[in-house]
Amino acid sequence: MTHQRRARSAPGVRPARRSALFSWVLPFSQVTLLLALLVATLLVTGCGPKRSITGFPGQSTQEARPAPQQAEPQQPRTVTLSTPYDSREARRKLAPGKNTIRGTATARTPGGEVATCAGKPVTLVPVTAYSSERMFAIYGSDDKGTLRLGQGAAPPPVITNDDPRYLADHPQTVCTDSGTFVFKDIADGQFFIVTGFTWLTDDKKPQGVGLMQRVGVSGGQTKKLDMKP
């Protein structure tokens with residue numbers, strides 16, 4: 001037993017344990033190089049050191065780059081018209097006449113192709129106080145306007161007090177395959193021509209335009225329109 005106690009306390013045991021511990025310590029130059037490589041790797045992989053922004057006094061700072069968030073869909077703008085709709089006035093201005101309105105409606109897509117109103121309805125709207133205010137609310141003009149539709153466009157405005165008789169009163173035609181339309185037997189007066197059509201983008205998302213243009217006819221004439229954005 002005396003021999004075992006001396007072996008535990010024999011000189012040389014503690015110095016051996018110290019040398020094993022210090023064998024893990026690297027020279028200062030190697031530590032610096034490893035830290036530099038670690039920082040470079042983190043930056044390349046997008047996990048670089050966090051930057052902080054200044055907060056209010058007494059509050060801790062926050063991460064400078066917030067977590068990505070999906071954009072919230074835009075809410076449609078609401079419009080309340082001040083002019084009441086006069087159905088009898090609109091019908092009177094749509095009485096048969098001797099004029100003709102012919103036209104085309106086209107738009108150039110972002111890919112450079114030409115889209116047309118083929119197969120889409122076109123509406124004839126007589127100019128009244130109500131229709132003028134309505135066109136201005138939608139298109140920003142009561143003479144000529146374009147409403148962007150689909151991907152990347154703001155949603156069309158919502159008219160809170162739109163009269164249901166408005167759309168029911170107005171005649172429509174359909175664009176031909178070549179994107180042309182015609183209204184015959186139109187009375188003398190001022191009218192809005194309204195249409196809209198869409199197409200698909202390269203990533204299969206719908207895009208399009210709504211087109212409005214004002215035109216006047218009288219004396220049995222034929223008026224030609226070339227509607228474009």
Side-chain angles (χ1 to χ4, degrees), residues 75-107 114-150 153-199 206 208-229:
Q75 296 299 317
R77 176 173 55 92
T78 58
V79 178
T80 301
L81 302 180
S82 60
T83 306
Y85 177 61
D86 188 339
S87 180
R88 288 182 297 179
E89 178 189 12
R91 290 175 178 272
R92 184 174 64 252
K93 292 185 175 183
L94 288 169
K98 298 180 180 181
N99 303 290
T100 300
I101 300 175
R102 296 181 180 273
T104 61
T106 61
V114 176
T116 74
C117 61
K120 303 301 181 183
V122 185
T123 305
L124 178 72
V125 181
V127 174
T128 63
Y130 183 90
S131 64
S132 293
E133 184 181 358
R134 191 178 189 277
M135 295 299 174
F136 200 93
I138 297 174
Y139 296 95
S141 171
D142 61 355
D143 182 59
K144 181 179 180 181
T146 300
L147 184 66
R148 297 291 174 180
L149 306 172
V158 175
I159 299 177
T160 60
N161 60 340
D162 206 5
D163 194 308
R165 297 173 298 171
Y166 175 82
L167 295 179
D169 285 346
H170 300 134
Q172 288 186 335
T173 187
V174 176
C175 278
T176 66
D177 291 342
S178 59
T180 64
F181 61 87
V182 59
F183 289 100
K184 297 181 178 180
D185 303 324
I186 305 301
D188 293 359
Q190 296 283 320
F191 298 88
F192 295 114
I193 305 296
V194 182
T195 189
F197 48 94
T198 60
W199 57 85
V209 292
L211 301 176
M212 178 275 296
Q213 189 166 334
R214 184 170 179 160
V215 58
V217 289
S218 62
Q221 69 179 144
T222 295
K223 185 65 69 74
K224 295 183 179 181
L225 298 181
D226 183 16
M227 301 179 69
K228 296 179 179 180

Suppose we screen for side-chain contact (heavy atoms from CB on, under 4.5 Å). Which residues come up paired with S82, at least two apart in sequence or across chains? E133
Got a sec, which residues hit salt bridge (Lys or Arg N to Asp or Glu O under 4.0 Å) with R91, two or more places apart in sequence or on another chain? D169
Pairing residues for T176 by the side chain to side chain donor-acceptor pair (under 3.5 Å) criterion, not counting sequence neighbours: S178, T180
Salt bridge (Lys or Arg N to Asp or Glu O under 4.0 Å) involving K93 - partner list, sequence neighbours excluded: E89
So how far is it from R214 CZ to L225 CG, rounded to the nearest 0.5 Å? 13.0 Å
In Å, rounded to the nearest 0.5 Å, how long is the span from CZ of R102 to NZ of K224? 7.5 Å
Quick check: closest heavy atoms across D142 and F136, and the distance to 0.1 Å? N-CD1, 3.8 Å
Sequence neighbours excluded, which residues qualify as side-chain contact (heavy atoms from CB on, under 4.5 Å) partners of Q221? N99, V217, S218, K223
I would like to know whether L211 and T146 meet side chain to side chain contact (heavy atoms under 4.5 Å, CB included); could you show each step before the answer? CA-CA 5 Å; L211 301 176; T146 300; 3.7 Å; yes
If you take all heavy atoms of P157 and V79, which pair is closest and at what distance? CB-CG2, 4.2 Å
Under the salt bridge (Lys or Arg N to Asp or Glu O under 4.0 Å) rule, collect the residues that match up with K228, sequence neighbours excluded. D226
Student check: side-chain heavy atoms of D86 and T128 closer than 4.5 Å: no
List the atom of G216, the atom of Q190, and the distance in Å for their closest heavy-atom pair. CA-NE2, 3.5 Å
Shortest non-hydrogen pair, A95 vs A187, comes out as O-CB, 3.2 Å
Could you give the side-chain donor-acceptor pairs of residues 115-126 under 3.5 Å, partners two or more places apart or in another chain?
from : atom 1 : to   : atom 2 : distance (Å)
T116 : OG1    : A118 : N      : 3.2
T123 : OG1    : Q172 : NE2    : 2.9

By side chain to side chain donor-acceptor pair (under 3.5 Å), T78 pairs with (sequence neighbours left out) none
Would you list the pairs meeting ring pair (Phe, Tyr, Trp, His ring centres under 6.0 Å) in which at least one residue belongs to residues 157-193, sequence neighbours left out? Y85-Y166, Y130-Y166, Y166-H170
With sequence neighbours left out, which residue pairs that include part of residues 210-229 fulfil the ring pair (Phe, Tyr, Trp, His ring centres under 6.0 Å) condition? none
Under 3.5 Å, side chain of N161 to main-chain N/O of L81, donor-acceptor pair present? yes
Given side chains that start at C-beta, do those of V194 and M135 come closer than 4.5 Å, heavy atoms only? yes
Which of these passes side chain to side chain contact (heavy atoms under 4.5 Å, CB included) with T80: D162, I159, T160? T160
The salt bridge (Lys or Arg N to Asp or Glu O under 4.0 Å) partners of R165 (sequence neighbours excluded) come to D163
Nearest 0.5 Å, what's the CD-OH distance between Q213 and Y139? 11.5 Å
Can you give me the closest heavy-atom contact between G210 and L149, atom names plus distance? N-CD1, 3.9 Å
V182 versus T173: any side-chain heavy-atom pair under 4.5 Å? no
Any pair counted as salt bridge (charged side-chain N to carboxylate O under 4.0 Å, His left out), so long as it reaches residues 182-193, sequence neighbours left out: none
